[in-house]
Amino acid sequence: PKGYETYVNIGENFSQTHFIDIYNNDVRLGEKKKLVILFATWCSDSQRLIKQLQQSPLSKDPQVQIVAIGREESAATLMQFKQEYNIAYSLIADPQRAIYNQYANKGVPRLILLDENNHVVKTLIGEDPNSLQKVSW
């Protein structure tokens, strides 16, 4: 959409290889395909995407690592969201947009697909109701 910028391009290395999750655990991007989701708990598009992901085989695929980063979210709000949506993958709090601002200027959810070597394969703006269907490596 007009005005939406993405600051990472296909083929580039994803700049971060690990995060600290909402339980203060180190989450390393492993040697699997990765789906990185930038989202907000209050956003209806983000909520829809997470619900779709929960019902998708993708959420249970052992060959895919999913990491969801809550833009302007605290560990407390993400813990509540994790419980409400029954999320099994890692959630990362980004209360000051420090992570988000490296990859986009506006809009959630954002999806960044990475290969086994942490190279960007595809980026998607998840406001499209069918964006999860476009997830492929």
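What you see is a predicted model; the values in this text were computed from it and never measured. If you read the sequence from its start, that first residue is 1, and numbering goes on from there.
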Salt bridge or not for Asp61 and Lys33, using N-O below 4.0 Å? no
Apart from Ile99 itself, members of its ILVMFWY cluster (side-chain separation under 4.5 Å) are Val8, Phe14, Phe19, Val27, Leu29, Val36, Leu38, Val67, Ile69, Ile92, Tyr100, Tyr103, Val108, Ile112, Leu114, Val120
Rounded to the nearest 0.5 angstrom, the NZ-OG distance for Lys122 and Ser136 is 3.0 Å
CD of Glu73 to CG of Leu91, rounded to nearest 0.5 Å, is 9.5 Å
For Asp45, the salt bridge (charged side-chain N to carboxylate O under 4.0 Å, His left out) test, sequence neighbours excluded, returns Arg48
Is it the case that more than 12 heavy atoms not belonging to Asn117 sit under 6.0 Å from its CG atom?
-> yes
_Whether Lys134 side chain and Asn130 backbone form a donor-acceptor pair below 3.5 Å_ = no
For Gln102 and Ser15 the tightest heavy-atom approach is OE1-OG, 3.3 Å
Here the gap from Gln55 atom CD to Lys51 atom NZ, rounded to the nearest 0.5 Å, amounts to 9.0 Å
With a cut-off of 3.5 Å and sequence neighbours excluded, list every side-chain donor-acceptor pair involving residues 79-90.
unit_1, atom_1, unit_2, atom_2, d
Lys82, NZ, Ile87, O, 3.3
Lys82, NZ, Tyr89, O, 3.2

Ala68 and Phe39 have their tightest heavy-atom pair at CB-CE2, 3.6 Å
Heavy-atom nearest pair, Ala93 first then Ser74, reads CB-C, 3.8 Å
